[in-house]
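Here is how names work: the chains are called A, B, and so on, in the same order as the sequence lines, proteins then strands, and each is numbered from 1.
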Amino acid sequence: MSDPLHDDRGNRDRSITNPAGQGSPLPGYHGTAKPAPGGPFLIGDAMTGGYGRGADILHSCTIAVERGEIAVIVGPNGAGKSTAMKAVFGMLDLREGAVRLDGEDISRLSPQDRVKKGMGFVPQTSNIFTSMSVEENLEMGAFIREDDISGTMAQVYDLFPILKEKRRQPAGELSGGQRQQVAVGRALMTKPKVLMLDEPTAGVSPIVMDELFDRIIEVARTGIPILMVEQNARQALEIADKGYVLVQGRNAHTGTGKELLADPEVRQSFLGG
Amino acid sequence: MDLLNALVALTNFVLIPAIAYGSQLALGALGVTLVYGILRFSNFAHGDTMAFGTMVAILVTWGLQSMGVSLGPLPTALLAIPFGILGCAALLLATDRVVYRFYRAQKAVPVILVIVSMGVMFVYNGITRFIIGPDTQSFADGERFLMNARQFREWTGLAEPLVIRWTQGITLVTAVIVVIALFWFLNRTRTGKSMRAYSDNEDLALLSGIDPEKVVRVTWLIVAALATIAGVLYGLDKSFMPFTYFQLLLPIFAAAIVGGLGSPVGAIAGGFVIAFSEVGITYAWKKVLTYLLPESLAPDGLVQLLATDYKFAVSFMILVVVLLFRPTGLFRGKSV
Amino acid sequence: MSNYLRPVAMLALVAVLIVGTGFVQSWNSALLILNMGLVSAVMSLGVNLQWGFAGLFNVGVMGFVALGGLSVVLVSMPPVPEAWSAGGARIVAGLILGVGAIAAAIVAWKTLSKKVRGWAVAGILVVGFILYRMVLSPAVDAVESVNAASTGYLGGLGLPVLLAWPVGGLLAAGAAWIIGKTALGLRSDYLAIATLGIAEIIIAILKNEDWLARGVKNVIGLPRPVPNEVDLQRDPGFVESAAGWGLDPTTASTLYVKAGYALLFAAVLVVLLILAQLALKSPWGRMMRAIRDNETAARAMGKDVTRRHLQVFILGSALCGIAGAMMTTLDGQLTPQSYQPLRYTFLIWVMVIVGGSGNNYGAVLGGFLIWFLWVQVEPIGQALMGFITAGMGEGWLKAHLLDSVQHMRLLTMGVVLLLVLRFSPRGLLPER
């Protein structure tokens, strides 16, 4: 524990400290967007970087998604899938490479500013406000909007009818699948230009998983491109327009979902034959 | 047996003082619990924050009094509360800018902030004593009694008088208004909801575009208001002395923890639990019992369970008992 | 090499400051600072043991220090036979009854079924409390009325005062055991609020239980481990050797007495420091640090973390108790009203943090340095304020400013703590 400000000496005294909900350190991006026309709708281009001053986790890794598409990142555990997505969202210190969205270079923007530029991000864990009602979760999702949000909220309720039913309940009391719906709904409230999902089906039952995938396809049909990290590679690639297989922070295979499913090497190494 | 007189005595000596004290503790505990929920540490400087806000209010009160301003039967200090809040808010915001913000930007562990708040406590303590001195100050004016003993006796014909002081009435009314306003703010306004969101999940709040610095600023403003109001009410009800306010830290912490740290409802419940236990256990029950029991059984001692000086012991015992049965406090410590 | 250079340089600085005080102000002041510095160093060594090595947040240092002070009265004052015959036995019986009731309640809690145990425990405690008060109260009144102006309490055991130091440690350790058992045993620990509360309770007991140590009437004239100044001044041999040093007998006697205390305190500090260093380097110390740095892993390895925490909490509190006894011996009186949390709890924390959490030498350094500041801020502030207000006309502002200098001390301590936390958060002598 070299850093005195982050060393609590193992203190667990809840009468003086509240570890619940504390934020994690983020890179201090304070830049502005620069025009960078051309290229895919959203691309993390040749990204190299890691957390803070730690070792690089990504090595010249490229992830892109076009309008109206679903792009899926798959790969073995520890391949840097989630890291790649966080890098696109600005939660990683990039040493090389760039992130471009809709004709702008946003590499120097903070995550909040990227939200304002139209990115919707659903983290893998802690992705809802557990103590707040479902409706309040959605309201908080729309925090940056100054206009009337009731239309968007109605759309989210149409997409996830169960949420309308439970809108007065604290989100923390919902089941795993319902929580994920709240999380996706919260991200949709900004009317994002692109939606990024980090393992949306982690820890839910297979039936719920199928339902969630259906909903995600529905969202994609409304025209929002989706970038998604998935543990269940086969199912994810089946719905994907484009797939990225990452290994140790590098692009190992790239292609359409169908191509990757058909690729014998990918099948053998990642899809269990 | 004289049930009515016993009831009046009970109200007079236990219920009314405990309700007033409980309201003051609840307001104090709300401040502690807000800082705990949003900034994630127990603020050791809270007692001294109360002292500082109250001091500003007292100075302004004296100024108003010397200018001949008065509120009739109400204490002039009520007019000075907004100035006290402003002074206190300025101090807290300046402290946050100079001291706390650095650690927040570094995402320092909360226990470091606890130690930092000790340093702030020393500084506030020094400032308050430097300006107004360590002695007791009285600043209450206006009418003393909302209902005095004679009025009550004439009105009811009972032997036992019921005395309600203005300060007690004001304390309760103010506390109710403040608490309603606070809950309305936290549950109904956008800023209030963003505070709850930030307390619940800082990272996600950031992703939703909530500005953490604004949340923290608003929090300090509310804490300044709560601390000053609690401090002025306590000072009007009893008296102002910097050391007493510092010592209020223990019952206030106890109230916040008994209620469940981070839970505003809990803070209020905790404040009253602590206040009623303190007053009840240190009150000499002789009078009430004399009315209730047949003459042969009338107590000859004071029937005081513990000497008044043990009031801190009472806060503490209640705390231990509650924590043994409900480790998270009465209202499961949730985020604001 | 620089590993050793820094502590040595820092301690040399402290020596220079204290010796400088001797030259600039007086040797009496210097020795006074040295003595209380030694006591403070022991206290901060204790807190450092808890916070530095185990991350335990003790904000009840004052209580343990006060228990040490109480032990001096209980051990060294002569017993008051009239008081004992008036109600001593009854008080002891009452106390045994009280402890018995609590023990019975604990046993009932552990053995009875879940349905009835709450009521049973409440019943036992209520009945126990009533019996306790019925037995104790008359005896207390009797004892307190025995020659109230000069005694009115049971007195002590009349043993040598030096014995009070280890006894103070034991007393504090006992209290720490009770607190630790309760607060560390809860699901997540609540040590901070528990210690804050217990410290206030201990002070309340000292203030209120007159039969124990005269409450706010104070116990004065405690026996001393060093000769009395007046006796020395009457001793022709001493006067002669003082003259040999070029000192008048009064100054010489006060210096001699203070130096005596300093030697005793220094011996205690050195022994405790060596023990603390040995403990730190022992397998036990390594395990403590392993638990501190990664509790989950330590638990997984089968370490009983709560038990270890309890041990270190008791040890640290015992050090505070010893220091408290030393301090009361130095003062020669027990004055419960002088115990204030800012001075006896939070100031010790400033010492530990400024010195360097986790470093024993740092704790000692912090003890000396902060104590020096605590004492010297006032004259320095006075001089400074005199300089600032020199140009001012006579008026209430000038009078107020000059009058308020005494409060600069708290402000300074806060600023020092904040500056260290901001710019050198590991303290002056970092742990590693």
>> If you define the side chain from C-beta out and look only at heavy atoms, does anything of C:His407 sit under 4.5 Å from B:Pro134?
In response: yes

>> Set out, in order, the CA-CA distance, both residues' side-chain angles and the distance that settles side-chain contact (heavy atoms from CB on, under 4.5 Å) for C:Leu411 and B:Phe130, then state yes or no.
In response: CA-CA 9 Å; C:Leu411 196 77; B:Phe130 193 86; 6.0 Å; no

> For B:Val99, is it the side chain, the backbone, both or neither that has a heavy atom under 4.5 Å from a heavy atom of chain C?
Replying inline: side chain

>> Applying ring pair (Phe, Tyr, Trp, His ring centres under 6.0 Å), can you list everything that pairs with B:Tyr310, at least two apart in sequence or on another chain?
In response: none

Please list, one pair per line, the donor and acceptor atoms closer than 3.5 Å that link side chains of residues 243-253 of chain B to other protein atoms, with sequence neighbours excluded.
| unit_1 | atom_1 | unit_2 | atom_2 | d |
| --- | --- | --- | --- | --- |
| B:Tyr245 | OH | B:Gly231 | O | 2.6 |
| B:Tyr245 | OH | B:Gly235 | N | 3.0 |
| B:Gln247 | NE2 | C:Glu200 | OE1 | 3.4 |

> Which residues, numbered in order, of residues 122-137 of chain C come under 4.5 angstrom of chain B by heavy-atom distance?
Replying inline: C:Phe129, C:Arg133

> How far apart are the closest heavy atoms of B:Phe122 and C:Leu410, and which atoms are they?
Replying inline: CB-O, 3.4 Å

>> Is B:Phe44 in contact with chain C via its backbone, its side chain, both, or neither, using a 4.5 Å heavy-atom distance?
In response: side chain

>> Quick check on C:Trp109: does its CH2 atom have over 12 non-hydrogen neighbours (other residues, nucleotides or ligands) under 6.0 Å away?
In response: yes

> What residue pairs, at least two apart or across chains, pass salt bridge (Lys or Arg N to Asp or Glu O under 4.0 Å) with a residue in residues 399-416 of chain C?
Replying inline: C:Glu378-C:Arg409

>> Between C:Leu196 and B:Phe312, is there a side-chain heavy-atom distance shorter than 4.5 Å?
In response: no

>> Can you confirm whether C:Val350 sits close enough to B:Met118 that some side-chain heavy atom of one is under 4.5 Å from a side-chain heavy atom of the other?
In response: no

> Nearest 0.5 Å, what's the CG-CZ distance between C:Leu418 and B:Phe102?
Replying inline: 12.0 Å

>> Please rank C:Thr412, C:Ile203, C:Ile205 by heavy-atom pairs under 4.5 Å with chain B and give me the top one.
In response: C:Ile205

>> Which heavy atom of B:Thr328 sits nearest to which heavy atom of C:Tyr190, and what is that distance?
In response: CA-OH, 4.4 Å

> Considering all heavy atoms of both residues, which atom of C:Ile193 and which atom of B:Phe316 are nearest to each other, and what is their separation?
Replying inline: O-CE1, 3.8 Å

>> What part of C:Ile353 gets within 4.5 angstrom of chain B, counting heavy atoms only: side chain, backbone, both, or neither?
In response: side chain

